[in-house]
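Worksheet for the structure shown next.
Sequence lines set the chain letters: A, B, ... in the order given, protein chains first and strands last, and positions in each chain run from 1. As the structure is a computational prediction, the values presented were derived from the model and not from experiment.
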Amino acid sequence: MAEDRLIINDNEYTFEPGETILQVAEKNGIRIPTLCYLKGASPTGACRICLVEVKGARALVTACSTPAASNMVIKTDSPRVIEARRFNLELLLSSGNHNCLVQGLDMDSWTDFQLKAMDAKEHKTLCPAYGDCRLQDLAVRYRVKMNRFPPAENQHPIETVNPFIVRDLSRCILCGRCVQACNEVQVNNAISFGYRGSEAKIVTKGDRALKDSDCVFCGECVQACPVGALITKDEMHSPGLDVDIKKVHTTCSYCGVGCQLYLHVKENKVVKVTGVENTGPNHGSLCVKGRFGYDFVNSPERLQKPLIKENGAFREASWDEALSLVTERLSRIKKESGPDSIFVLCSARITNEENYLAQKFTRAVIGTNNVDHCARL
Amino acid sequence: MTNPISDIEKADVILITGSNTTENHPVLSSYVKRAVSFKGAKLIVVDPRKIPITRFATLWLRQNVGTDVAWINGMMHVIVKEKLYDEEYVNTRTVGLDELKKTVQKYTPEYVEGISGIPKKQLIEAARIFAHAPAASILYAMGITQHISGTDNVKSLANLAMLCGNVGIEGGGVNPLRGQNNVQGACDMGGLPNVFTGYQRVDDLVIRERMEKAWGVERLPAKPGLTATLMMEKANAGDLKALYIIGENPMLSDPNLNHAQKSLENLDFLVVQDIFMTETARLADVVLPTASFAEKNGTFVNTERKVQRVRKAIDPPGSAREDWEIIVNLAGRMGYPMSYSDAEAIMAEIAAVTPSYCGINYGRLEYEGIHWPCPSTDHPGTPCLHVDQFSCGLGVFHAIDYIPPAEMTNNEYPLYLTTGRILYHYHTGTMTMKTHGLNELAPNSFVEISREDAETYKISNGSRLKIASRRGEIEAEARISEQAVAGTVFIPFHYAEGAANVLTNAALDPVANIPEYKVCAVKVSKAA
Ligand code: SF4
Ligand code: SF4
Ligand code: FES
């Protein structure tokens, strides 16, 4: 066997030096479940869901952080692997208020747990991540039961004192994806692991609320969080299991970076924005404006009808009336004062197609080159 | 940008000047922060304010506002004197070095320190770091262009990059960061008074004839039109009668707002097409409601020249129409029928008349955008410009001398004012100020002022200030900040109340006609 080959599930594959087992597997279409692994950041090996069996190794290894080596013989779904993943999932589920899918608890402890979990006023409804939760997905896939570890007491209060992000650390599984996203992807260095042992918690400097910290509300952590521990405020108000939401891939309309984003749409309203992960320039990242500044689209102040000013005040008009008036006035001014007495200001905000037509209109219809936009301003 | 955004992480040295990157181009700034934190790149920041990205910098040079040509020439002086430039590159790919050498001769570090205030040791160190880098990337934004010497500033940065062989290589380049989502596209599409799409000149007979044929018109005008900034002058003088504004709000973004208002009121006819009743729309005779980006199909071009899709997610409110539909409606009524089934059909026409867009169509943009120039449908696009040679042959050095800003401080107006944006708002705020949370984080206009100046003028943090220039006065809240350097204050221009552009100077760069937003002289006092 050549130097740079290994075997996964009885098939041979090649790899590049430096690649992890996970990367080799993904390249070849073999799916290994992950939870804490964040693309673009260094692997932490925190969740131990990506465990695989390597022939000759005593313990199972984490695929996300173990480098591929030549002649490795790897099993990604052996019974031992499956059992270990299930065990780890049970540990994670029992670590907090994961009251969505708990199976296997006897009636009394089930009721106790539900009551305790729903104690907080923010927990009266379904978990906002319901239906869009990596932990829940995996729990279903691995048919996890909850009777091995009784649910832990989780005392973290819910933080809502900022305009955009709800931090519900009672549902945090300490996977560290948010920390990676903040420190290694956006490099805002606002959050990290704090305290030790059972006190462990994701904290800002000095364990302050986000709004009093270095946080700039890019929301990278919210997008990275696999569970319902970090969610947007808007999601908290319209929680979980939304099957009518459609996602539309488009380009951010603020700055010139041109981040690729999904508009999450429900009933003709934008309800959430997320970054598109598999493509540049942003690879899933967004800033506070791109991610949270979408209310203007649905604003009641949007103009809905053409307006004509009469005696100093606007009145509503039909398109036909408004367009006739514009046509008539522009034509007359063109005739009386010449095409160069008219100017069209197109825009850095509208599309290429619209700018193209605006300059074509100015040149071919009005007959002047008086067209510009405010790029300079 | 000459180089793609992803190249930033491949640079050995990054020079940022006139760009408050973390606040104005946040996602791009993470490329810089990652390059420095994880890839060993060195960052040099040259900016009048101690902006947040300086936290990642090896060196922060603080220049006096409006003295950019001086420090750039100063760096080149050091590089020439110490023979640190890329000799082979300069010899084979550029012309004009001798002239440049002559001009930068007098810009000794001592001389530059006198003008710019940058300590000579720092300047020399920056020059050495920059010149020694195998690949150095220059990033700049409006802090470089919004000056009477804006064009000179840009050319000077290009000189510096070429001198060190940094144009046309991976991780290098001269990279302007565009402030608005589709500035690049508006320019590419011929939304400029002197060119058609793809920068084809209107005063070129051959090009004009080709466009006449494509558009089916007899004669297209040959004389370049007015720029937006001169347009205001002409309106004020009464030479301009009608203005059709599509999606712009010059009543908040124009320099010298008092003058802008008079100019617009002086028009016989003003049409404004927008999604909101903006300050500008209020002055209009007719207002036409349009669709927002979420309500239409089309494309934007980002700062790295990448053409990317915009897709319709929802229906526009009420009877609002897409901008292109409205233009088609008007053209038809004015005797020039246009017919397009959709935005895609318009792009097909753009590709047909624009060499650099020839290979672009919606099918190819489905999953990812394409960097123009893209001359044919089998061309992959051009992420990096000028790779083997400059698009115009040899790279030309421009020998440029420093000229001081149009307005200097004096006894009456002792402080410099510079303007810009903040993280939580965008441009004139028509969009961001509809999001309650953004207003909560950044509710109102403010004057950022240094501790020293605050002491001099007996100003306490949070107090109301009156700020006046020769053109007008506004009130805003004082914010004492470590970011400010004594002698210069900063005001964001987003807010209609406390609008910075009441104060700014409309003095123009003679070539690009960009107003000098970044420098004017003001005085501050406590508000009554
Ligand atoms: S908040 Fe979310 S992303 Fe962060 S550690 Fe907890 S579960 Fe993971
Ligand atoms: S998300 Fe932020 S950085 Fe990205 S394009 Fe929008 S405004 Fe720019
Ligand atoms: S995904 Fe590998 S340890 Fe979490």
Item to check | F493(B) ring center near H427(B) ring center (under 6.0 Å) | outcome: yes
Next on the checklist: If I measure from the heavy atoms of chain A, does T290(B) come under 4.5 Å with its side chain, its backbone, both, or neither?
Outcome noted: backbone
Checklist entry - Can you find a pair of side-chain heavy atoms, one from Y424(B) and one from N439(B), that are under 4.5 Å apart? => result no
Checklist entry - Under a 4.5 Å heavy-atom cut-off, does chain B meet the side chain of S318(A), its backbone, both or neither? => result neither
Checklist entry - Does any heavy atom of chain B fall under 4.5 Å from the side chain of D340(A), the backbone, both, or neither of them? => result both
Item to check | Any donor-acceptor N or O pair under 3.5 Å, side chains R309(B), N297(B) | outcome: yes
Next on the checklist: Please classify the contact of Y367(B) with chain A as side chain, backbone, both or neither, using a heavy-atom distance under 4.5 Å.
Outcome noted: backbone
Item to check | Engaged part of M1(B) at the chain A interface, taking heavy atoms whose separation is under 4.5 Å | outcome: neither
Checklist entry - Side chain, backbone, both or neither: which part of L357(A) has a non-hydrogen atom closer than 4.5 Å to chain B? => result both
Next on the checklist: Taking every non-hydrogen pair under 4.5 Å, which of I366(A), L325(A), L330(A) racks up the most with chain B?
Outcome noted: L330(A)
Next on the checklist: Which atoms of V286(B) are under 4.5 Å from chain A, going by heavy atoms: the side chain, the backbone, both sets, or neither?
Outcome noted: both
Checklist entry - At their closest point, which heavy atom of D274(B) faces which heavy atom of L303(A), and how far apart are they? => result O-CD1, 3.5 Å
Checklist entry - So what's closer than 4.5 Å to chain B heavy atoms on V276(A): side chain, backbone, both or neither? => result neither
Item to check | Steps toward side-chain hydrogen bond (donor to acceptor under 3.5 Å, both in side chains) verdict (T368(A), R363(A)) | outcome: CA-CA 5 Å; T368(A) 175; R363(A) 295 186 159 116; over 6 Å; no
Checklist entry - chain A heavy atoms under 4.5 Å from N501(B): which part of the residue, side chain, backbone, both or neither? => result neither
Item to check | Engaged part of S6(B) at the chain A interface, taking heavy atoms whose separation is under 4.5 Å | outcome: neither
Item to check | Portion of F292(A) that has a non-hydrogen atom of chain B nearer than 4.5 angstrom | outcome: backbone
Checklist entry - Using non-hydrogen atoms only, which part of D268(B) is less than 4.5 Å away from chain A: side chain, backbone, both, or neither? => result both
Checklist outcome for this item: The interface call for R55(B) against chain A, heavy-atom contacts under 4.5 Å, is neither
Next on the checklist: Report which part of K211(A) has an atom under 4.5 Å of a heavy atom belonging to chain B: side chain, backbone, both, or neither.
Outcome noted: neither
Next on the checklist: Looking only at heavy atoms and a cut-off of under 4.5 Å, which of Q359(A), K309(A), E354(A), K305(A) has the most pairs with chain B?
Outcome noted: E354(A)
Item to check | Inter-residue atom distance F276(B).CZ - F296(A).CZ, 0.5 Å rounding | outcome: 7.0 Å
Next on the checklist: Let's test your reading of the structure: which of I275(B), L330(B), N329(B) forms the most heavy-atom pairs below 4.5 Å with chain A?
Outcome noted: I275(B)
Checklist outcome for this item: So, the part of L263(A) with a heavy atom under 4.5 Å from chain B: the answer is side chain
Next on the checklist: Out of E295(B), H436(B), E325(B), return the one with the most heavy atom pairs under 4.5 angstrom to chain A.
Outcome noted: E295(B)
Checklist entry - Side chain, backbone, both or neither: which part of P224(B) has a heavy atom under 4.5 Å from chain A? => result backbone
Checklist entry - Checking V265(A) against chain B: side chain, backbone, both or neither under 4.5 Å from a heavy atom? => result side chain
Checklist entry - With side chains defined as the heavy atoms from C-beta onward, is the minimum distance between I350(A) and N355(A) less than 4.5 Å? => result yes
Next on the checklist: Counting only non-hydrogen atoms closer than 4.5 Å, does Q260(A) touch chain B with its backbone (N, CA, C, O), its side chain (CB onward), both, or neither?
Outcome noted: side chain
Checklist entry - Is chain B contacted by the side chain of S337(A), its backbone, both, or neither, given a heavy-atom distance below 4.5 Å? => result side chain
Next on the checklist: I need the residue from V202(B), V307(B), D188(B), L177(B) with the largest number of non-hydrogen atom pairs under 4.5 Å to chain A.
Outcome noted: V202(B)
Checklist entry - Does a side-chain N-to-carboxylate-O contact under 4.0 Å join K296(B) and E322(B)? => result no
Checklist outcome for this item: So CG of N24(B) and SG of C255(A): to nearest 0.5 Å the spacing works out to 8.0 Å
Item to check | Top contributor to chain A interface from D315(B), L438(B), V271(B), V217(B) [non-hydrogen pairs under 4.5 Å] | outcome: D315(B)
Item to check | Modelled atom types, side-chain donor and acceptor of Q180(B) and Y254(A), under 3.5 Å | outcome: no
Item to check | Distance-only donor-acceptor check, side chains E368(B) and Q308(B), under 3.5 Å | outcome: no
Checklist entry - Taking atom NZ of K234(B) as the centre, does the number of heavy atoms from other residues, nucleotides or ligands within less than 6.0 Å exceed 12? => result no
Checklist entry - Going through the checks in order, is the side-chain contact (heavy atoms from CB on, under 4.5 Å) test met by Y356(A) and W324(B)? => result CA-CA 9 Å; Y356(A) 173 78; W324(B) 71 265; over 6 Å; no
Checklist entry - Does any heavy atom of chain B fall under 4.5 Å from the side chain of Y294(A), the backbone, both, or neither of them? => result backbone
Checklist entry - Which bit of N189(A) comes within less than 4.5 Å of chain B, counting heavy atoms only: side chain, backbone, both or neither? => result side chain
Checklist entry - Do R349(A) and N182(B) have a side chain donor and acceptor closer than 3.5 Å? => result no
Next on the checklist: Counting heavy-atom pairs closer than 4.5 Å to chain A, which one of T432(B), T145(B), T430(B), V272(B) comes out on top?
Outcome noted: T432(B)
Checklist entry - F217(A) vs F164(A) aromatic rings, parallel, tilted or perpendicular, using cut-offs 30° and 60°? => result perpendicular
Checklist entry - Which answer fits R34(B), side chain, backbone, both or neither, if we ask what part of it has an atom under 4.5 Å from a heavy atom of chain A? => result both
Item to check | Exercise: do T354(B) and T197(B) side chains pair donor with acceptor under 3.5 Å | outcome: yes
Checklist entry - Does any heavy atom of chain A fall under 4.5 Å from the side chain of F38(B), the backbone, both, or neither of them? => result side chain
Item to check | Contacting moiety of A235(B), where chain A heavy atoms sit under 4.5 Å | outcome: neither
Item to check | R421(B) charged N/C atom sitting above Y426(B) aromatic ring, 6.0 Å / 45° | outcome: yes
Next on the checklist: Shorter than 4.5 Å, heavy atoms on both sides: which option in G293(A), P281(A), S299(A) has the most such pairs with chain B?
Outcome noted: P281(A)
Checklist entry - Does a donor on one side chain sit under 3.5 Å from an acceptor on the other, for Y340(B) and E349(B)? => result yes
Checklist entry - Quick one: of N181(B), T22(B), V32(B), who has the most non-hydrogen atom pairs under 4.5 Å with chain A? => result N181(B)
Checklist entry - Is there a donor in the side chain of K33(B) and an acceptor in the side chain of N188(A), or the other way round, less than 3.5 Å apart? => result yes
Checklist entry - Can you tell which of V216(A), N352(A), T351(A), N370(A) has the highest number of heavy-atom pairs within less than 4.5 Å of chain B? => result N352(A)
Item to check | Stepwise side-chain hydrogen bond (donor to acceptor under 3.5 Å, both in side chains) test for T280(B) and E248(B) | outcome: CA-CA 8 Å; T280(B) 306; E248(B) 292 273 16; over 6 Å; no
Item to check | Distance-only donor-acceptor check, side chains D372(A) and T227(B), under 3.5 Å | outcome: no
Checklist outcome for this item: The interface call for S319(B) against chain A, heavy-atom contacts under 4.5 Å, is both
Next on the checklist: Can you tell me which portion of V248(A) sits under 4.5 Å from chain B's heavy atoms? Options are side chain, backbone, both or neither.
Outcome noted: side chain
Checklist entry - Relative to chain A, which segment of A222(B) carries a heavy atom at a distance below 4.5 Å: side chain, backbone, both, or neither? => result backbone
